[in-house]
Structure formats: C-alpha cells, structure tokens
Amino acid sequence: MPFDIYDFTSFTKWIDTSLENAMSPFWTTVTEMAIAGVLFILFYAVVGLFLVYAERKVCAFVQNRLGPNRLGPYGIFQTIADLIKLLFKELIPIKNADRFLFNLAPYIVIIVNFMVLGAIPYAKGLHAIDFNIGIFYIIAVSSMSVIGVLLAGWSSNNKYSLIGAMRSGAQIVSYELSVGLSLITMVIFAGSMQLSVIVEAQRTGWFIFKGHIPAFIAFVIYIIAGTAETNRGPFDLAEAESELTAGYHTEYSGIKFAFFYLAEFINMFIVASIAATIFLGGWMPFHIGTWEGFNRIMDFVPPFIWYLGKTFFVIWVIMLFKWTFPRLRIDQLLTLEWKYLLPINLVNVLIMAFIVLMGWHF
Amino acid sequence: MRSIINYLKDIFWGVMSLLKGLKVTASYFWRPGAIVTEKYPENRKYLVMFERCKGELIMPHNDKNEHNCISCGICQMSCPNGSIEVIPKTIDTEDGKKKRILDKHIYRLGQCTFCGLCVKNCPTHALAFSTKFEHAVFNKALLIKVLNKPGSQLKKGVEQ
Amino acid sequence: MEEKAKDIITDEQQEYIINIGPQHPSTHGVMRLVVSLKGEFVLNVEPHIGYIHRGIEKMCESLTYPQIIHLTDRMDYLSAHINNEAVCLAVEKALEVDIPDRVKVIRTLMSELTRIQSHELFWASYGMDLGGQTCYFYGLRDREMVLDIFEETTGGRMIVSYNCPGGVMYDLHPNFRKRVKEFIKHFRKVLPEYDDILTNNVIFHGRTVGIGPLPLKEAIAYGITGPSGRASGFSCDVRKHEPYSAYDRVKFNEVLFTEGDSYHRYLARVEEMRESMDIIEQLIDNIPEGPYAVKMKPVIKLPEGEYYQRVETARGELGVFIISDGNKLPYRVKFRTPNFANLSVLNHLVKGFKIADLIAIFGSLDFVIPDIDR
Amino acid sequence: MKYDEFGDNESLELLRESGSNVLLTTIDDVINWGRKNSLWPLTFATSCCGIEMMQTGAPKHDFARFGMEVYRASPRQADVIVVAGTIVKKMAPVLKRLYDQMSEPKYVVAMGACTITGGPFFLHSYSVVNGVDKIIPVDVYIPGCPPRPQALLYGMLQLQRLIETQTIESRKKRNASHNY
C-alpha cells in the first residue's frame, strides 16, 4: 500500500532506540515523556487557539458577517491577542471563596484534556499511548472533566455558578451513558477496544459505511451526546449566558478563565476526533470500492491531514449546532437523554450485536 | 402500538425541524455573497451618509466667512435641554445705530439630542446639521463647541 | 461557617434567592428581578423597577409641547415614532387642527415600519434569550434596512423625532417608496427563514409551548395589551377599535390567538410583522399629495382642559393624558405605558415554572425597561 | 485609519507624555497590542444606546472585525464597559460596583449624551446622574443620541489608540489618581 510511506512507526522506533543507546532506560523514558509533553502542550495551544478563531469565523460566516479580520491575514492572530491580554489580566481573589479548590478547578479541566489527547491516534504510529482498552480509557477519563466544573461552581461562592455546576453535573452524568453506549456499539462491530486496531479495521471502508444503519444511528447519537458532554450549545446549560450570566466560570478572570475557555474547545476537539477515529476511519484515507486510480490519489494525502480533515468536519457540524439551535431546558435535556437517546441506543446495540452475530456486515 | 408510532413520529418531525434550521445556517455559511458588512474605518473615504443624517449642529459660513445668525436666541429657547447658548454683543454700526450681533454661539455636543427643533425654528436658516459623526474624544471639554468661529464650514445647502 | 450558611439560605423553607439584574443579559436593560427558587423551580418573582427612572412625566411639566416629543422618543425607544405620534395626536385633538391626508398616511407608514423593526428586534433578542444566537444577527441584519429608511427620511436611525404638532418635520425623501418596496420584497423572502430557524424548531416549541399561559380573563384583569394580550384572545388593538391617522382606510387583521402561552405571544408578533407589511403595501403606492405639515402657531398653547389619546405601540396601548391650564407648558402629563401594565403579570405567570422558563416568559412579554420606569 | 485622520490628538499626546518608561517599551508594546485588539465589552446597556450597541454587533457594522464581539456577561471577564444609556441615581451604585468587579486593565467608554452630561435629562430631571464621569473614570466620550454604530466603532478605535499610549507604570499612576 503506497500510503504506508507515511508510517510513523519506524520513525518513533528509531528515536526510541537511539535514545536507548545514549542513556539508561529510566532516562530514556523520562526524555520521551518530556518530548511528548512539550509536543502536546504545543499541540494543545495551537489547536485551542485555532479552534477559538475558527469558531468566531464560522459563526461570523453563518451570520453574514466577516468576523475578526484586522490582525494578520483574515485575522488569524486574533486569538493570540486574546491570549496575551488574558495572560496579563488581573486575577481577582474572591471573598469567601474556597481558595484552594477555586484555583485547582481550571487545572483539573486542563489535565483531563491532556490525558485524553494522549490516547488518540493521529496517524499510523503517531500515538502517545496505545492502550488495548483505549475506548474504555477515553470514556473513563473524559467524564472526569465534570469534577473541574463542579469544583469551580462550588468554590466560587456565587449562586449562578452553583446552579450552573449542578446542571453540568446532572448533564454529564446522564450523557456519559449515551456516549458510552454508542461507542460500545462500534466496539461490538470492531471487536476491539484498541484504537489503533479499530482504525486499522477501517482500511477497507469506514465504519459509518460498513456498519449499516446502526453505525449511522450510533454516529448521530454520539455527536449529540458528545456535544452535550462538552457543554456546548444547544446544551450549554452550565454557562447559559441568558440565564446564569456565565455559569460556573462567572467568577473567574484572566488566565484561569482562559483555561476554561480553551478547555471547552479542546473538549470539542476530543469529541470530534474520537468520532473521526471510530466512525470515520481515523487517519485512513477515503476509498471507493475498486476505483484503483481514485484510491491511489487519496492515498497520497498524508494520514495526519485525513485525520484533521475529518475532525474539523465534525467540529464544523458541532459549531453549526451551537449557532442554529436554541438552548434546551434542564428537564428537556434529561428527557432527551433518558426517553429518546438511551432507548434508541439500547435497541441499536442489540441490532448491531445481531448483525455482527449473523455476519451481515461487509 | 400507537404510542410507539407517535414516539417515532415525534423523533422524525423533531429531527426534520432541526435539519431545516441547519439548512438555513449552513447555506449562509457557504454563501459569502450574503455578507453585508460595511468595513467602516477602511471605507470612510467613500462612505456616503444620508444627506439628512444628524451628526452635529453646524453654522454654515459663506465664502466671506459670514453666517446668517442674528442672535435672536430662538434656538436657545427651543432647545429642550439647554445645549445651545447664544451670547450676543452690541456693536455700533457705521450709521451710528446700535446693533445686536452674535458674539458666541455655544453648542454642547455632549448634551445634544438631535431633536432638530433649533434648525426647524431658526428664522434665518443659520443652523444646519452636518453628517460628520466622528466625535469621540478623550477630553470632555472638547465637546463644547463655538459654532461661529472663523473658518468654519462654507455655506451650502442652507437655503433648503 | 454558620454565618456563611445564613447568607445563602434565607429562611427555613430553604428558598434559594437569586438576583437577576440589574445588569443581566436577559433583562434587556436594567431591571432587577428577585427570584426565589426551590431547586430550579421559581416560587416567586419580585420585579424591582426604578433603575432607569428618569422622571419623564415630571420633566414634561417644564417643557413646551414640541419639546415633549423628544422625550417620548426615549421612553419606548423601539416604538419611538408611535410615541411621538401619540403626543402629537393629543395636541392636535386639543387644538382641533385638521391634519392633511398626506401627514396621516406618512405617520401610518412610519408607525408600521417602526412596528416591524421593533418586532424584528424582539425576534432577534428572543432567539438570543433562548440560546439561539444566530437569530439575533439575522433579526438585526434585516432591521438595519428599516433603520436606513428612517435615516434617509428623518435623519435619525432609531430615535427619529420626526413628528411635530401639526404634521411631520420634513417631507418624505424621494427614495422612500423605492426603499420600502425593496425592504418588503427582501423581508417577505427572509420571513420563511425565520420560521425555519425558530418558529418551527422543535427545541423552541419545547421551550415555549404551554409556558406561562395567560387566560383571557386574567389578561383583561391585568390590563395586558398589545401582542401579549392578543395572544390570549383579548381584542385590544387600538388601530382597529379606535382608528387614528390612516388606519381607518386600510384593511388588516387583528392577530388573535386563544392559548396565551409564550409561543403564541411570540407568534402574535411574527404574524403582526406580516400584517404590518400588508398595511404598508396598501398605502405605499397612494400617498396623497399635499403639505407635510400644517402651519402652527410658534407657541402652542392648549386650551384649558384634559386630553387623552391612545395609540397602539409595538408593545401595547400607550395612553397620553394631558392636563392643560391654558399655558404653554402642560400642567400635568401622564403616560399610560404598555410595559408597566404588562410587567404586573410577570409574577403571576412564572410561578411554578423553571428558571429557564422565567427567561422565556420575560422575553415573550417583550419589555423595554425605560418604558416601565419612564 | 491614519493618525492625522483621528480627532483629539492633543489630549492623546498629553496622555502619552504622562507616563513613558524606555526600558519596558517592547514588553509594553506587546501587551498593549494584545489588549487593544481584544477588547471584550461587558453586556451592559440601560437604554436606547444599548440598542445601537447591539446594532453595532449586527452584520452590517460587525464589531467582530476588531475582535470585540465576545460580549461577556460577567464583569470579571470583561475589559471595557460601554456605558450605553442613562444612569440614574438608583443605578449609580450598581454601575460603580460593576466597575469595581471588573479586573484590571479595565476601560470605560461613555456612549451617548446621557452618559456624558445627562443629555436629554440634563436640565429638568431630578434623578439622572449628569455624566458618568462623576462615578467612574471615563476614557473615551462618544457623543450622539444615540451615536450611530460607526461612531461607536470610531470611539473604540480611539480607545485602542489610548491603550497604545499606556504603559504598566502609567496605568498604575492613573489608578492611584482616581478617587471615586
């Protein structure tokens, strides 16, 4: 296969062996961790800033506006200006706030993001950790971000924040089910929880095409539940601006607020990249049956580009959700989960299991 | 059974209504022609304002730097919130008579509500509105203007 | 620690009291709502007004009649022209001036344009209150076209100050007809989009249908006028029942619903935009020729007596009550503003609903806070 | 827009002279670049001017081009408070508190006649504060009743120029000199 020229396995292997030759195994691990850490911090910052910019541009185009366009070409340095400003903004200590938890909350949100980012396959061999229970790990870790939100709301000594945090808690606890079940549908289909294996299994066709209707339903449910889990509109009850001013981060200012702000976007990126990995073939190029020429051309696009393209497509859809739909009410949010998504999801899992059992898939 | 059908119907129509909304927003996203934004600071060279637009009060002067004001004070009286102050002075004309002329026509831009009563009531059409709107200042005192200063705007369009 | 707990929990019933406002994105101005909550449920709402009380009624007593008009602009700034018209009509009624047909038609056209831009802003901000931010931009995008029409003719964008006792300040701009037709053509095209985005949206239905229902009897008892009252079936359109200006020569329907919930209050306004466009289309091609104002005396003095004139603003019935003692200044001016009356029903409507519904109900009543406080 | 095309350059020069530190200029330049290009306004509007402020955010004029479209409802996260509309005596303490709740650096723009002098309510009203600069320090005054959206944009450009002139030192000095 020609697209194996973009295989990163040998490259990472080479780094590993050359480091091992140079120093002891312990220091090798430390150095590798340091390299990965720095790379992820850079990746995090770039993606976060880009997504903030992208959202502002997307919403501008949806709303017949131009959006930021004065800093750099098409205003691409806008978010950098925002970051500089937020870095040098005053951090206000809140009276009667639980100082420790108040300061801790933004970091929890950020740390959780990093833990998930490490487990996502960006290209063949470009993978920080390749767990054999990758999906399980991602579900487990990503649901921890609610702790940050809850702490922020609780420790702020602000009534709006508290209501926002409680809402967020109820929301994430229930939508975690849908995310889990829709991913389980695909795990049944793929027969593995290891992300690299799942991606490899999509070499002959993406799961959303291979998996008949159940895969498509699972995809739709995953997108809805994923949007809810990231606290984005129309599920942004935790920070519902027209009701709770800014929800759980009402009292945060400066860089701590920026952490929440960035984390929201990275969460969206994570949700989208899991959707891309599991449903849309990850870094696998798009192939149509036996069209050799077409497939060959598709193969020359680097896998990282494929991965990012799919991810940004999903992100675009999620952004459109936010800019189109009105916000749900808290009870409607829970009704949607427990009355609609969950039953459909359970039936969907059964159907998928049946399909796999009968061997009806391609 | 009926309840299940209703349940599915609900979902179907719900999803359809959402897709309709998405169609509108997504179609605008792919149509840059629909963008209506005026680029203000860049376009100010060729920005044409409506001729009746009320930007600030001016006292048009003709090319000899004369204005029409006879300092009757009607504008000051008709102003509902005292943003105009007419300070007259008396001078001796050549034929020995005393004449009341305008010394200072003070206009407080920071207070004006652009109701147009002064322009409407002026018996000699000495006042008009200009379309200039760029007045933002750092110093509040600059918003108090003297309208009859020499070299102010040439007389044009006052006859209307 | 106990001290702290006392701050948060006010009494034994464990009511959770939050202040919505004075600065809050969904109060549309400076209004303070003291909301007692139990969980997410609203037990009681206490509106605190006066954060923008400017004493307009008192100020009117020291201003002449033409000067009062510029203050009424700033009362309900979204129906500025209609407010002006109310004062002018009252003064003209008192002086028994015969108003030329042209003025009547111009005033009607402007009033209906005002109504459209006000309802557009309602649509925009209601969408935003419920979290659909794009509505806000689409609504304001189309509103800008109306503002352009205003500015070309009157010189003001929103605060037009176009009326004066006896007529209007300037004649219509020659471009007026063309622009209005352009706008109506555009607006008829985008109204279905409004429906796609918000009116027919399933989430929007969930948020508004059956929320804050107001039965007809209570609507009358509280004196809820305007689209909010008509959504409950209260036929209160002054344009229909007591036609002023040129409303007696146009055909239009009074938009009436019976449900009276937030959704129908919203729908009444959207439908009214269509009706207003019908009215404009009937009048725009036959604006009578003639003078645009009657010559009035330089100092207007009303004969001694009491005068009342009511008009239909975008939010309901506005009454202007003038007591004159024959002087050039009025003795007393009282405005019966629609928003103040409509506010009284808020507590009654929101009891038992959730805090998110409070926003939906508050938005659907379409308040302009300076009109409440005056 | 070029420097000469702006009005009120004299006051700006005065402000520029009031605080300059040669050593810190590069850092200040970077910080000011960030600050001036990302002014997040507080959603605060009391009356008519608020509607024009909303209209400035609307597609036709688009605040977002300057990176100002991020309206924050929470004062902690806002950089500039555009006082749009009349401030009456009952509202004055609230406005003061909102200003205090904002985190440094914070800027104030007085938009409209009501906020500059009391505007239409200057002469006869008993309840209107005649100028918000009696309550909070104002950086830029935008006259108009209400100012058109372009005028607000122009005012914000003026504010950007003001931010350019400030240094960390001069902001400190400025804050110390205000006793409200």
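The structure presented is a predicted model; accordingly, all values stated were derived computationally and were not measured. The chains referred to below are lettered A, B, ... by the order of the sequence lines, with proteins before strands, and numbering in each begins at 1.
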Engineer: For the residue pair Ser17(B) and Asn200(C), what are the closest heavy atoms and their distance?
Structural biologist: CB-O, 3.3 Å
Engineer: Got a sec, which pairs hit ring-ring contact (aromatic ring centres under 6.0 Å, His included) with one end in residues 86-121 of chain B, sequence neighbours left out?
Structural biologist: none
Engineer: Which atom pair, heavy atoms only, marks the closest approach of His70(C) to Thr113(B)?
Structural biologist: CD2-OG1, 3.4 Å
Engineer: What are the two closest heavy atoms between Met169(C) and Leu117(B), and how far apart are they?
Structural biologist: CE-N, 4.4 Å
Engineer: Rounded to the nearest 0.5 Å, what separates atom CD in Glu193(C) from atom OG1 in Thr25(B)?
Structural biologist: 10.0 Å
Engineer: Pick one of side chain, backbone, both or neither for Tyr28(B), based on which atoms fall under 4.5 Å of a heavy atom in chain C.
Structural biologist: side chain
Engineer: Please state whether the side chain, the backbone, both or neither of Lys120(B) comes within less than 4.5 Å of a heavy atom of chain C.
Structural biologist: side chain
Engineer: With only heavy atoms counted, which part of Asp195(C) is less than 4.5 Å from chain B, the side chain, the backbone, both or neither?
Structural biologist: neither
Engineer: So, for Arg52(B) and His173(C), which heavy atoms are closest and what is the spacing to 0.1 Å?
Structural biologist: NH1-N, 3.9 Å
Engineer: If I measure from the heavy atoms of chain B, does Tyr138(C) come under 4.5 Å with its side chain, its backbone, both, or neither?
Structural biologist: side chain
Engineer: Sequence neighbours left out, what passes side chain to side chain donor-acceptor pair (under 3.5 Å) with Glu134(B)? Give chain and number order.
Structural biologist: Tyr40(B), Arg44(B)
Engineer: Taking Gln67(C) for the side chain and Ser78(B) for the main chain, is one N or O donor matched with an acceptor at less than 3.5 Å?
Structural biologist: yes
